[in-house]
Amino acid sequence: MSAFDVQKIRAQFPILTREINGYPLAYLDNAASAQKPDAVMEAMVGQTRSAYANVHRGLHTLANETTEAFEAARSSVATFLNAPSSDNIVFTRGATEALNLCAYGLAHMIQPGDEIVLTEMEHHSNIVPWHFLRERYGAVLKFIPVLPDGTLDMKVFRETIGIKTKIVSVVHMSNVLGTVNDIAEIARWAKAAGAVMISDGTQAAVHMDVDVQALGVDLYAMTGHKLYGPTAIGALYGTSDIFEKMQPFNGGGEMIEDVYLDRVTYAEAPAKFEAGTPPILEAIGLGAAINWYSQYDMADVHQHEMACYHAARDGLRDINSVQIFGEAANKGPVLAFNLQGAHAHDMAQILDKYGVAVRAGQHCTQPLMKRLDVHSTVRASFGIYNTLDEAERFVTAVKKAALFLG
Ligand SMILES: Cc1ncc(COP(=O)(O)O)c(C=O)c1O
C-alpha cells in the first residue's frame with residue numbers, strides 16, 4: 001500500500017496543473033467524470049503501441065497478448081468488487097448500459113402487474129430502463145420516498161417489498177445527496193421475497209470498499225470514467241445463477257456457441273453478454289485505473305475526501321442564503337446546494353471564473369429534484385486528488401458569488 005500523500009497523487013494527473021481564467025484549476029466535478037492518472041493513459045497508449053490486435057479470436061502473438069491484457073483487466077474488476085470469479089464480470093459501455101442490460105435480460109420474467117421497486121433518488125439510468133418494462137410488459141414501478149435528511153424511508157421500503165416484487169434496484173451511493181444506502185439490508189428483504197436484487201454502484205465503487213458477495217446482490221453496475229479510468233467502459237457483476245437466467249442483450253460475434261439457419265445457442269457468461277468486438281483498450285484502461293487506485297487504502301482515501309467535503313460544507317453553512325441537500329450520517333463526498341434566489345447555472349459559471357469546476361443542473365435525477373422541490377442544484381464532488389485548500393477556495397468563490405447574485 002502507498003502512503004496517502006495528496007501532492008504525490010496530484011503529480012500523477014497532468015491536467016491538474018492547468019490554470020482556468022488565471023486561477024489554478026480546482027476540479028470538483030468528479031461525480032460527473034474524474035480525471036485520469038498517467039498510469040491509465042500510459043496503459044492504453046502502451047498497449048496500442050506494443051501489442052494491439054482483436055481479442056479472443058486470434059492465434060498469433062499480438063492477439064494472445066491483447067487477450068491476456070483484456071482478461072487481466074476483467075480479473076482486476078472481479079478482485080476490486082470481490083466477485084467470486086472473472087466469469088461474474090461482464091464489460092459494458094458504462095453503468096447506463098449495465099443497467100439497461102439488467103432490464104433487457106430480465107424482461108422475460110415480467111408478467112403484467114409484477115412490481116419493480118426503485119427509489120426517488122435513482123439516476124435516470126436506473127429509472128428509464130424499468131419504464132421500458134412498464135411500457136412493454138405491464139410492470140408496475142414503485143418508488144421508495146426520500147426523507148428530508150436525504151435518506152430512504154426504510155420503513156416504507158420494508159413494507160413495499162412483497163409477493164408481487166420481482167426486481168428491486170437501488171443506488172448504492174446517490175450522485176446528488178451522497179447518501180450511502182444499506183444495500184445489504186435491502187438485499188435481504190428482496191431475497192426473502194424471491195426478487196432479483198440490483199444495485200447501481202456507479203458512485204459507491206469510487207468512494208468505498210465494495211464487496212458484492214457481502215452485499216448479497218444479484219447484479220451490481222459500475223463505470224470506468226468516474227473511477228479515474230476511461231470513458232465507454234463499465235462493468236456488470238452478476239451471480240452465475242442470474243447470468244444464466246438472463247437473456248442476452250446484443251446479438252453477434254463472440255456471444256454465441258453455435259449459429260444455424262434455424263436456431264442459435266449462446267455462449268456462457270460473460271461472453272453471452274459481450275457481442276462484437278469489445279472496447280478493448282478501454283477495458284485495459286479500466287484495469288489500469290483499478291490497479292492504480294488499489295495501491296491506496298480506501299479508508300485513507302475516504303478520510304481525506306470527507307475532510308475536503310466537511311471543510312466545504314461547513315464553509316457553506318456560514319452563508320445564510322445557502323441550502324444544502326443531503327445530510328445523511330452515512331454519505332460520500334458529494335455536496336449539493338443552492339443559493340436562494342439564484343439559478344444554479346449562474347453559480348457554476350461564476351465559480352468557473354475563479355477556476356472552480358462544479359456541475360449545475362438536475363444531475364439526471366428529475367424525480368429527486370421534484371422531491372427536493374427544486375428545479376436544479378449546484379454540485380461539488382470531491383475525489384482522491386482534491387485538497388483542503390481547494391475546498392476553501394470553493395467556499396470563498398461561493399461567498400463572492402453570493403455577494404454578486406444576492
Ligand atoms: C448514480 C449513477 N448511476 C448511473 C450513472 C451513469 O453512468 P455512466 O456515465 O457510466 O453511464 C451515473 C452517472 O452520473 C450515476 O451517477
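All figures in this text were calculated on a predicted structure; none of them were measured in a lab. We count ligands from 1, going down the list as the structure has it; atoms in each ligand are counted the same way.
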Between Asp87 and Arg74, is there a side-chain N and carboxylate O pair less than 4.0 Å apart?
no
the protein heavy atom lying closest to atom 16 (O) of ligand 1 turns out to be Gln203 NE2, 2.8 Å
N or O pair under 3.5 Å between His225 and ligand 1
yes
Does a salt bridge link Arg317 with Glu327, judged by any charged N lying under 4.0 Å from a carboxylate O?
yes
Check this for me, if you would: do Arg393 and Asp389 make a salt bridge, where the nitrogen-to-carboxylate-oxygen distance has to be below 4.0 angstrom?
no
Per-residue contact class, Thr96 against ligand 1 - non-hydrogen pairs under 4.0 Å:
both
Is it the side chain, the backbone, both or neither of Ala95 that has a heavy atom closer than 4.0 Å to ligand 1?
both
Which of the numbered atoms in ligand 1 are below 4.0 angstrom from a heavy atom of Asn175?
16 (O)
Which atom of Ala336 lies closest to which atom of Val176, heavy atoms considered
CB-O, 3.4 Å
To the nearest 0.5 Å, atom CG of Asn320 lies from atom CG of Leu316 at 12.0 Å
Which heavy atom of the protein is the closest neighbour of atom 1 (C) of ligand 1, given with residue, atom name and distance?
Asp200 OD2, 3.4 Å
Quick test: of every protein heavy atom, which one is nearest to atom 15 (C) of ligand 1, and how far off is it to 0.1 Å?
His123 CD2, 3.3 Å
Starting from atom 10 (O) of ligand 1, find the nearest protein heavy-atom neighbour and note its residue, name and distance.
Thr223 OG1, 2.5 Å
Identify, for atom 4 (C) of ligand 1, the protein heavy atom at the shortest distance, and state residue, atom and that distance.
Thr202 OG1, 3.3 Å
Heavy-atom contact check, 4.0 Å cutoff: does Lys226 meet ligand 1?
yes
Between Arg93 and ligand 1, which residue portion shows a heavy-atom distance shorter than 4.0 Å: side chain, backbone, both, or neither?
neither
For Glu254, is there an ion pair with Lys272 - N to carboxylate O distance below 4.0 angstrom?
no
Any idea which heavy atoms bring Thr92 and Ala235 closest together, and the distance?
OG1-N, 3.5 Å
Under 4.0 Å to a heavy atom of Gly94 - the qualifying atoms of ligand 1, by number
10 (O)
Please say whether the positively charged group of Arg136, taken as NZ for Lys or CZ for Arg, lies over the ring of Phe132, i.e. under 6.0 angstrom from the six-membered ring centre and within 45 degrees of the axis.
yes
